Amino acid sequence: QDVEEEVFIWLQSLDDTDLALCLANLDRIKPEYDPLVDEADLEVLGEYDPADLLLYTVVVIPPDP
């Protein structure tokens, strides 16, 4: 399955495999979410199609869920 379709994914360090973050795809959880992003912050991307951008947030998982 395509990673864009997943609700949760893991972002894991290649150097330290004990270091990993759980990420949530905001388009899958709250599709109407439309963050305000300063244009200056997007300049580093150069030319881009907004449809190609993915928005994730870090999920905090308590030690004893």
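Residues take their numbers from the sequence shown, with the count starting at 1. Note that this is a predicted model, so its numbers are computed, not measured.
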Where do L45 and L53 land on the side chain to side chain contact (heavy atoms under 4.5 Å, CB included) test, with the steps shown first?
CA-CA 10 Å; L45 298 177; L53 299 179; 3.9 Å; yes
Quick one: do W10 and V58 end up in the same hydrophobic cluster if we chain Ile, Leu, Val, Met, Phe, Trp and Tyr together by side-chain heavy atoms under 4.5 Å apart?
no
Please say yes or no: joined through hydrophobic side-chain contacts below 4.5 Å, possibly via intermediate residues, are I61 and I29 part of one cluster?
yes
I'd like to know if L54 and L21 are part of one continuous hydrophobic network [Ile/Leu/Val/Met/Phe/Trp/Tyr, side-chain heavy atoms within less than 4.5 Å].
yes
Quick check for you: to the nearest 0.5 Å, what is the distance between I9 atom CD1 and Y56 atom OH?
4.0 Å
Sequence neighbours left out, what passes salt bridge (charged side-chain N to carboxylate O under 4.0 Å, His left out) with E32? Give chain and number order.
K30
Measuring only between side-chain heavy atoms, which start at C-beta, is L23 closer than 4.5 Å to T57?
no
Side-chain donor or acceptor of Q12 paired with backbone N/O of A20 under 3.5 Å
no
Nearest non-hydrogen partners of E5 and R28, listed with the distance:
O-NE, 2.9 Å
Crowded around D64 CG? As in, over 12 foreign heavy atoms under 6.0 Å?
no
